[in-house]
Amino acid sequence: MDVIPVIDLMDGRVAHARRGERGAYRPIESPLAPGAEPLATAAALLALAPFRTLYVADLDAILNRGGHDEVIAAIAAAHPGLEIWVDRGAAPGRAGTPIVGTESHADACSLHDALQGDAILSLDHDADGPLGPRDAHDQPERWPRRVIAMTLARVGAGAGPDLGRLAEVLAKAGPERQVFAAGGVRGEDDLQALASLGVAGALVATALHDGRIGAETVRRLAEGTPRTPPRP
């Protein structure tokens, strides 16, 4: 199972995401890198372990007030071989593998039209349930090969992953699709629970910044190596 670091970009800085309440986001304060400069923060995260993927949420693009394509392109240039997934809502963009989120589309037709090439579907949820067109959540035959189950209410909340929701998405997705978990990962125990469910990867931010998930955990999960039990 892959661990995928996340950065949220807002107003030219890396923001600390909390429960999807974007009006309350503030620049991140991380022991990994001073300030909240995007290239430095991304480099610090990617130095922790041999990550293969980085997830970028371009919040300004999602909120229809500009975007960070140049910053994302600069991160890509600095880290060749890294796949960068970019959620910019319904806004067009040039850099990275696009994330098509249900919260950014009013109907299933426009959403499925956006799922071109290798785009990844994000099935977005808040505390009350699915966001965006309900049909998109209930038509797995139209899902692409990679799907994110995103529970925004759990992002940065320390509440743990939404295991029930993930189990539902996995059952719909079937063995031919990869499902990635987003929201609520607190540490290695949560990652192990997700691996046991059968998810392909987990999006993580806060637990990487504060050290609850380190390089050894990332490597062990990627290799499928069991955790060494503590000595009695």
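As a basis for the values below, the full set of heavy atoms in this structure was taken, side chains included, without hydrogen atoms, waters or symmetry mates.
- The two residues I28 and H209 have their closest heavy-atom pair at CD1-NE2, 3.4 Å.
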ask   = Given the rule in the side chain to side chain contact (heavy atoms under 4.5 Å, CB included) test, do V56 and V71 qualify, once you have shown the distances and angles that lead to the verdict?
value = CA-CA 10 Å; V56 178; V71 171; over 6 Å; no
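- In terms of heavy-atom proximity, D11 sits nearest to D60 at N-OD2, 2.8 Å.
- Looking only at side-chain heavy atoms (C-beta outward), L197 and V179 stay at 4.5 Å or farther from each other.
- Of the possible polar contacts, none joining the Q139 side chain to the R142 backbone as a donor-acceptor pair under 3.5 Å is found.
- Residue T97 holds its OG1 atom at 6.0 Å from CG of D118, rounded to the nearest 0.5 Å.
- With respect to R88 and D69, a salt bridge is recorded, a charged nitrogen being found less than 4.0 Å from a carboxylate O.
- A distance of 6.0 Å separates CG of L163 from CG of L194, quoted to the nearest 0.5 Å.
- In this structure, L32 and L48 have side chains that are in contact, with non-hydrogen atoms separated by less than 4.5 Å.
- In this structure, V185 and L203 approach most closely via the heavy-atom pair CG2-O, 4.2 Å.
- Put simply, the side chain of D2 never gets that close to the backbone of I4: no donor and acceptor are under 3.5 Å apart.
- More than 12 heavy atoms of other residues, nucleotides or ligands sit less than 6.0 Å from atom CD of E176.
- Side-chain contact between F51 and L208: present, with at least one pair of heavy atoms (C-beta onward) separated by less than 4.5 Å.
- The distance from atom CD1 of I99 to atom CD1 of I84, rounded to the nearest 0.5 Å, is 12.0 Å.
- Nearest heavy-atom pair, R165 versus G129, reported as atom, atom and distance to 0.1 Å: NH2-CA, 4.0 Å.
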task = Test H112 against V100 for side chain to side chain contact (heavy atoms under 4.5 Å, CB included), laying out the working first.
result = CA-CA 9 Å; H112 291 302; V100 178; over 6 Å; no
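- The shortest side-chain heavy-atom distance between Y55 and I148 falls under the 4.5 Å cut-off.
- Shown here for R13 and A36, the closest heavy-atom pair between the two residues is NH2-N, 3.3 Å.
- Annotation: side chain of L170 is not in contact with side chain of R177 (no heavy-atom distance under 4.5 Å).
- Using a 4.5 Å heavy-atom threshold, the side chains of P130 and T102 count as separate.
- A donor-acceptor contact shorter than 3.5 Å is absent between the side chain of R146 and the backbone of Q178.
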message = Show, in sequence, the C-alpha distance, side-chain angles and deciding distance for M150 and E103, and conclude whether the side chain to side chain contact (heavy atoms under 4.5 Å, CB included) test is met.
response = CA-CA 10 Å; M150 170 80 73; E103 71 160 333; over 6 Å; no
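- A side-chain donor-acceptor contact under 3.5 Å links D58 to the backbone of H68.
- Contact of the R212 side chain with the T217 side chain is not registered, since no non-hydrogen atoms from C-beta on lie closer than 4.5 Å.
- From L54, atom CG reaches atom CG of L46 across 5.5 Å, with rounding to the nearest 0.5 Å.
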message = Working note: M1 + Q192, criterion side chain to side chain contact (heavy atoms under 4.5 Å, CB included); need CA distance, chi angles, decisive distance, verdict.
response = CA-CA 9 Å; M1 188 183 80; Q192 294 289 349; over 6 Å; no
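- The side chain to side chain contact (heavy atoms under 4.5 Å, CB included) test with H137 singles out one residue from L123, D124, L121, V169, and that residue is L123.
- To the nearest 0.5 Å, the span separating CH2 on W143 from CD1 on I120 amounts to 14.5 Å.
- Summarising the geometry, atom CG belonging to L82 is positioned 11.5 Å from atom CZ belonging to R52; distances are rounded to the nearest 0.5 Å.
- The shortest non-hydrogen separation linking H105 to S110 is ND1-OG, 3.3 Å.
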